[in-house]
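These notes are about the structure you will find just below.
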Amino acid sequence: MSAVDHSLHAHKQGDAKHSHAKQVSNQNLLLIALVLTLGFSGVEGAAAYFANSLALISDAGHMVTDAAALGLALLAQIISRRPPSPKHSFGFGRAEALAAFVNSIAMLALVVWIMVEAVSRFYDPHKVDGLTVTVVAAIGLLMNIVVAWVLSRDKKSVNTRAALVHVMGDLLGSVAALIAGIVIQLTGWMPIDAILSILVSLLILKSTVSILRESYHFLMEGVPLHIDYLQVGSDLKKVPGVLAVHDLHVWEMTPSFPALIGHIEIEQMNEWPDIMTRINAMLLDKHGIDHVTLQPEIAGMTDEHTHDEHLNEDIKRPNVTHHGDTFFVACTSPDGPHRMAYHAWGNPNNPKVLVCVHGLTRRGSDFKTLAEAMSNDYYVVCPDVVGRGDSDRLKNPMLYAVPQYVADMASLINQLGVAQVDWFGTSMGGLIGMVYASMPKNPIRRMLINDVGPRIEPEAIKRLGSYVGQPFTFTNRADALQRLNEICASFGSHTPDEWEIYNGPMLVQKDGLWVMHYDPDISVPFASVNPIMAKAGEMAMWHAFKQIHIPMLIVRGGESDLLSAKTVAEMCKVNPYIRSIEIPGVGHAPAFVKSEQVALAKEFFS
């Protein structure tokens with residue numbers, strides 16, 4: 001066998017800031033505890049035999065088990081310090097968790113034995129020497145306090161903590177034996193010996209199960225208990241330059257040292273060093289992860305590779321189905337680059353694409369119910385317009401306007417690589433669609449406009465101004481959801497489950513408070529509009545609407561304060577490509593979570 005190449009195990013600067021063989025516990029602590037425990041267990045065992053005390057016997061047996069546990073923990077510490085080898089590239093750090101797991105199993109067996117023996121003594125009482133029990137238990141209590149203090153100095157190692165559970169159990173056993181001895185001396189009541197043994201066993205059982213669960217989770221390579229896997233994925237997607245994340249895995253190589261691997265989609269490979277630097281800083285600062293291995297990929301490129309080029313003709317791109325997966329598209333504004341998030345349902349290979357764009361304060365998740373219903377026929381793409389949801393925020397709030405939104409949508413459709421799309425636009429999403437569809441060589445084939453038109457009624461503008469960008473903070477999510485449901489009452493009557501699906505994603509937790517998902521500055525352009533600007537904007541929208549020559553369906557909520565029946569009639573008059581329908585009992589705007597409303601959209605786009 002050739003000599004070991006240690007460079008294979010080394011970390012370059014910028015990789016994890018620890019080595020695989022890093023020491024995680026203090027062996028001296030375990031050695032001191034082992035000597036003290038093993039030495040006293042012999043003394044207590046002899047005393048327990050002559051005193052005929054179950055509490056003392058259980059405590060002595062417990063101490064022997066402690067000694068074995070400490071010895072096993074010490075052995076695990078020694079093994080875990082061994083450096084990585086060609087056969088064990090991560091080192092031997094898992095020996096600690098394995099020792100903790102074995103110790104916990106041993107403790108469970110001991111607890112069962114003590115409880116069975118205690119119950120048997122209720123039916124067959126034994127005479128106990130109270131004085132001997134009291135003296136030995138008092139000495140054992142002092143010794144266990146010393147050992148527990150020694151081990152408590154190393155709180156990071158699950159292995160040492162498992163050993164500490166043994167010692168704490170023994171300390172409780174000493175307390176129980178001491179109480180039992182005193183009670184027997186004073187009253188002669190023998191059942192106290194068995195009763196306290198059962199009580200101590202139940203207390204030990206709780207801690208043992210906790211260590212057992214934690215060590216099992218670690219051995220099964222579970223996500224570290226202190227790390228939120230979904231939040232890690234969300235934070236990765238928010239790193240500038242990252243378009244998508246997949247094949248993400250988080251686990252612990254050794255106790256207290258989490259690791260992460262995954263695939264990151266980016267736009268240009270030459271951007272990767274800077275993106276990786278930002279990712280490393282974010283993962284370490286927010287999640288304490290410093291062992292990171294990521295594979296960059298150019299967005300849109302397939303993963304299939306082969307060493308035999310003549311086989312490429314037989315390789316077909318697999319059919320992938322998205323279920324609300326989140327992706328990002330790189331966009332630009334006068335202030336520089338930003339990212340827009342979008343959520344997708346269906347097969348991305350489907351040439352039929354439906355783009356669903358939300359209202360002023362909403363986000364792409366509004367269309368979840370509709371997207372799921374349409375995903376068999378369409379690849380449904382629901383963007384979070386910039387400033388909302390998972391998308392970036394703009395430095396200049398005056399750019400939160402339809403021209404910027406249209407430019408971002410063009411970037412999205414360009415990334416999707418399709419020549420045509422169908423469009424579903426609610427409120428602001430309808431205005432974006434109308435402007436986009438009026439442009440030369442636009443990709444929109446059919447368009448459903450949900451409760452909006454070239455003219456917006458003054459009453460609706462006043463209502464929107466009463467809450468858009470206004471303070472919205474709640475300590476309790478239920479209160480926040482109730483308030484949001486009240487704001488959205490005009491959307492129509494919905495069940496609690498429907499409100500949760502529709503409004504739940506609008507709420508995000510920030511600094512311990514529940515707030516709205518959007519940048520409050522989206523209200524700045526809205527608030528700056530004066531009557532003259534509003535009239536000029538209305539004239540521009542009417543002009544744009546007249547230039548649209550595709551099939552359109554205008555849907556109006558029967559009680560809408562934003563889109564009047566008069567405006568709908570005028571739209572139908574000036575553009576022969578449009579037809580309209582009104583949904584009774586609904587204000588602004590129909591939510592399209594009801595089955596009959598979803599069926600309406602499916603019929604139009606079929």
Side-chain angles (χ1 to χ4, degrees), residues 237-238 240-244 265-268 271 299-300 326-344 353-364 366-367 380-445 447 449 452 454 518-519 521-526 528-529 533 536-541 543-545 547-548 550:
K237 293 174 183 178
K238 294 176 182 177
V242 175
L243 302 182
E265 293 188 18
I266 59 178
E267 187 172 14
Q268 299 290 337
E271 299 175 352
T326 302
F327 304 93
F328 291 85
V329 57
C331 305
T332 60
S333 75
D335 274 352
H338 63 270
R339 299 182 313 157
M340 181 174 70
Y342 63 95
H343 315 282
V353 175
L354 175 63
V355 177
C356 301
V357 186
H358 57 78
L360 179 64
T361 63
R362 309 295 298 181
R363 61 184 301 180
D366 276 5
F367 301 102
V380 186
V381 175
C382 307
D384 290 341
V385 176
V386 65
R388 287 85 169 170
D390 293 326
S391 294
D392 289 346
R393 276 45 177 159
L394 297 178
K395 297 177 182 178
N396 180 1
M398 293 307 295
L399 294 176
Y400 288 132
V402 171
Q404 181 62 57
Y405 302 154
V406 171
D408 291 352
M409 296 302 157
S411 297
L412 170 62
I413 294 173
N414 181 64
Q415 178 165 302
L416 295 174
V418 292
Q420 287 188 323
V421 299
D422 288 348
W423 190 280
F424 186 115
T426 294
S427 193
M428 180 186 75
L431 296 177
I432 297 170
M434 282 190 280
V435 172
Y436 197 5
S438 70
M439 298 170 61
K441 299 181 180 180
N442 73 84
I444 301 178
R445 187 183 69 97
M447 181 162 59
I449 304 172
V452 73
Y518 61 81
D519 182 355
D521 283 346
I522 64 171
S523 64
V524 173
F526 184 81
S528 67
V529 175
M533 294 172 62
E538 178 184 335
M539 294 175 61
M541 286 303 304
H543 176 76
F545 179 70
Q547 310 307 312
I548 303 173
I550 58 173

Under a 4.5 Å cut-off applied to non-hydrogen side-chain atoms, are [X] and [Y] in contact?
X: Tyr518; Y: Leu360; value: no
X: Thr426; Y: Asp366; value: no
X: Ile522; Y: Arg388; value: yes
X: Arg362; Y: Val385; value: no
X: Val381; Y: Cys356; value: no
X: Val380; Y: Cys382; value: yes
X: Gln420; Y: Ile444; value: no
X: Asn396; Y: Pro334; value: no

Partners meeting side-chain hydrogen bond (donor to acceptor under 3.5 Å, both in side chains) with [X] (sequence neighbours left out):
X: His343; result: Thr326, Asp384
X: Ser391; result: none
X: Ser523; result: none
X: Tyr436; result: none

Reported [atom1]-to-[atom2] distance for the pair [X] and [Y], which is rounded to 0.5 angstrom:
X: Asp335; Y: Gln404; atom1: CG; atom2: CD; answer: 9.0 Å
X: Met541; Y: Ser438; atom1: CE; atom2: OG; answer: 7.5 Å
X: Thr361; Y: Met428; atom1: OG1; atom2: CE; answer: 8.5 Å

Under the side chain to side chain contact (heavy atoms under 4.5 Å, CB included) rule, what do Ile449 and Trp423 come out as? Steps first, then yes or no, please.
-> CA-CA 8 Å; Ile449 304 172; Trp423 190 280; over 6 Å; no
Ignoring hydrogens and angles, tell me if any N or O in the side chain of Asn442 forms a donor-acceptor pair with the backbone of Ala437 under 3.5 Å.
->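 Pair found, side chain donor or acceptor close to backbone of Ala437.
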Hey, is the main chain of His543 close enough, under 3.5 Å, to the side chain of Gln547 for a donor-acceptor pair?
-> yes
Stepwise side chain to side chain contact (heavy atoms under 4.5 Å, CB included) test for His338 and Lys395 | CA-CA 10 Å; His338 63 270; Lys395 297 177 182 178; over 6 Å; no
I'd like to check the salt bridge (charged side-chain N to carboxylate O under 4.0 Å, His left out) partners of [X]; sequence neighbours left out, ordered by chain and number.
X: Asp390; answer: Arg363
X: Arg393; answer: none
X: Asp392; answer: Arg339
X: Asp408; answer: none

Which residues satisfy the ring pair (Phe, Tyr, Trp, His ring centres under 6.0 Å) test with Tyr342, sequence neighbours excluded?
-> Phe327
Quick one: list whatever passes ring pair (Phe, Tyr, Trp, His ring centres under 6.0 Å) with Phe328, sequence neighbours left out.
->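 Partners of Phe328 under the ring pair (Phe, Tyr, Trp, His ring centres under 6.0 Å) test: none.
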Does the side chain to side chain contact (heavy atoms under 4.5 Å, CB included) test come out yes or no for Asn414 and Leu416, once each step is laid out?
-> CA-CA 5 Å; Asn414 181 64; Leu416 295 174; over 6 Å; no
Can you check side chain to side chain contact (heavy atoms under 4.5 Å, CB included) on Leu431 and Tyr405, steps first, answer last?
-> CA-CA 10 Å; Leu431 296 177; Tyr405 302 154; over 6 Å; no
So which pairs with a foot in residues 427-440 pass salt bridge (charged side-chain N to carboxylate O under 4.0 Å, His left out), sequence neighbours left out?
->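 Listed once each, the pairs would be none.
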Not counting sequence neighbours, list each pair that qualifies as a salt bridge (charged side-chain N to carboxylate O under 4.0 Å, His left out) and has a residue in residues 418-442.
->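 Residue pairs passing salt bridge (charged side-chain N to carboxylate O under 4.0 Å, His left out), neighbours aside: Asp422-Arg445.
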